[in-house]
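One structure is given here, and the rest of the page talks about it.
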Amino acid sequence: MKSAIQNTILETYSKLGDLISSFSKEEINIVPFEGSWTAGQTVQHIILACSGLTMLFAGKTEKTTREPDENVKGLDAIFLDYTTKYQSPENIKPPAIDYEKGTLLASVKKIQNDLFEAAETYDLTLVCMDTKVPGFDHFTIYEWLHFAIVHTQRHTRQLQSIYEYMKKQ
């Protein structure tokens, strides 16, 4: 369980880092089309959603009374359904400001390292009691790691679409 999720963390965040690197420092802050976030805002949204998850793991936890990956299918159904568009919760909505590519890359790398280390350090079956995702019960550490992965994969795909759109212009 640990090594599989660690491999997925490395793969997911490496792909994101490579894609961010593909944008020029100017392109990172260009709105590609009306209603879209910039590439920088998209990455900042990932950072806002996934930074600090390890604080939950170090917070109040309890032993689980269910399968530790019970919510994985539900998370996949939401985040890997690319036909449905969602509105970001206000607390993780990225501001419309200019972003610096190097800073974004460093933040993404830190998230990758933090999640990788957490997967090694923590009992992934423990339930985090300090917060809940609307529509779900409390997540296990494993489910929080999976959330970070599928949320990042969803927005990496969005970032790829932004990149391809901009290259056609």
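These numbers come from the heavy atoms of this one structure, side chains and all, not from hydrogens, waters or symmetry mates.
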Exceeds 12 heavy-atom contacts within 6.0 angstrom, atom NZ of Lys93: yes
Sidechain-backbone polar pair: Gln6 side chain, Phe116 backbone, donor-acceptor under 3.5 Å: yes
Audit row: Ile149, Ile9, side-chain contact (heavy atoms from CB on, under 4.5 Å) steps and yes/no: CA-CA 6 Å; Ile149 290 165; Ile9 289 166; 3.8 Å; yes
Expected output: side-chain Lys2 to main-chain Ala119 donor-acceptor under 3.5 Å: yes
Cation-aromatic face contact Arg157/Tyr82, 6.0 Å, 45 degrees: yes
Member of Asp69, Val72, Ile141 meeting the side-chain contact (heavy atoms from CB on, under 4.5 Å) criterion with His146: Val72
Note, Pro95 side chain near Gln41 side chain (heavy atom, < 4.5 Å): no
OH on Tyr122 to OG1 on Thr54, rounded to 0.5 Å: 6.0 Å
Met55 CE: over 12 foreign heavy atoms closer than 6.0 Å: no
Exercise: identify the closest heavy-atom pair between Leu105 and Gly17: CD2-O, 3.4 Å
Atom of Cys128, atom of Phe57 and distance for their closest heavy-atom approach: SG-CD2, 3.8 Å
Distance, nearest 0.5 Å, that separates OG1 of Thr38 from CG of Asp98: 8.0 Å
Heavy atoms from other residues, nucleotides or ligands near CD of Gln160 exceed 12 (cutoff 6.0 Å): yes
Test log, rule salt bridge (Lys or Arg N to Asp or Glu O under 4.0 Å), inputs Lys167 and Glu27: CA-CA 10 Å; Lys167 289 304 171 191; Glu27 288 171 336; 2.8 Å; yes
Nearest non-hydrogen partners of Ile111 and Ser51, listed with the distance: CD1-OG, 3.5 Å
Separation between CD1 of Ile162 and CZ of Phe23, rounded to the nearest 0.5 Å: 6.0 Å
Close side-chain approach of Glu70 to Glu143, heavy-atom, < 4.5 Å: yes
Hydrophobic cluster membership, Leu48 vs Leu145, 4.5 Å side-chain cutoff: no
Closest non-hydrogen atom pair, Asp130 against Lys60: OD2-N, 3.1 Å
Nearest-0.5 Å distance, CG of residue Leu115 to NZ of residue Lys110: 9.5 Å
Pairs satisfying salt bridge (charged side-chain N to carboxylate O under 4.0 Å, His left out), at least one member in residues 73-83, at least two apart: none
Chi angles and distances behind the side-chain contact (heavy atoms from CB on, under 4.5 Å) call for Thr61, Met129: CA-CA 5 Å; Thr61 57; Met129 302 306 294; 5.7 Å; no
Which atom of Tyr99 lies closest to which atom of Asn29, heavy atoms considered: N-OD1, 2.6 Å
Between His155 and Gln158, a side-chain donor and acceptor under 3.5 Å: yes
Sub-4.5 Å side-chain heavy-atom contact between Leu104 and Ile28: yes
Rounded distance [0.5 Å steps], CG in Leu80 versus CD in Gln153: 6.0 Å
Side chains of Tyr13 and Thr152, donor plus acceptor under 3.5 Å: yes
Single-linkage hydrophobic cluster Val133~Leu53, side-chain heavy atoms < 4.5 angstrom: yes
Evaluation steps, side-chain contact (heavy atoms from CB on, under 4.5 Å), between Thr125 and Lys63: CA-CA 7 Å; Thr125 68; Lys63 289 216 177 288; over 6 Å; no
Cluster overlap Tyr165 with Trp37, hydrophobic side-chain contacts below 4.5 Å: no
Test item: Ser36 side-chain N/O and Pro32 main-chain N/O as donor-acceptor pair under 3.5 Å: no
Hphob cluster co-occupancy, Tyr86 + Val43, side-chain heavy atoms under 4.5 angstrom: yes
Joint hydrophobic cluster, Ile5 plus Leu56, side-chain heavy atoms closer than 4.5 Å: yes
Non-hydrogen side-chain atoms of Asp18 and Ser21 separated by less than 4.5 Å: no
Shortest non-hydrogen contact from Ile78 toward Arg154: O-NH1, 3.5 Å
Check: Val127 and Phe139 side chains under 4.5 Å, non-hydrogen atoms: no
Spatial distance of atom OG (Ser3) from atom CD (Glu120) [nearest 0.5 Å]: 9.0 Å
Side-chain heavy-atom pair Leu126, Thr140 within 4.5 angstrom cut-off: no
Centroid separation His151 to His45 less than 6.0 Å: yes
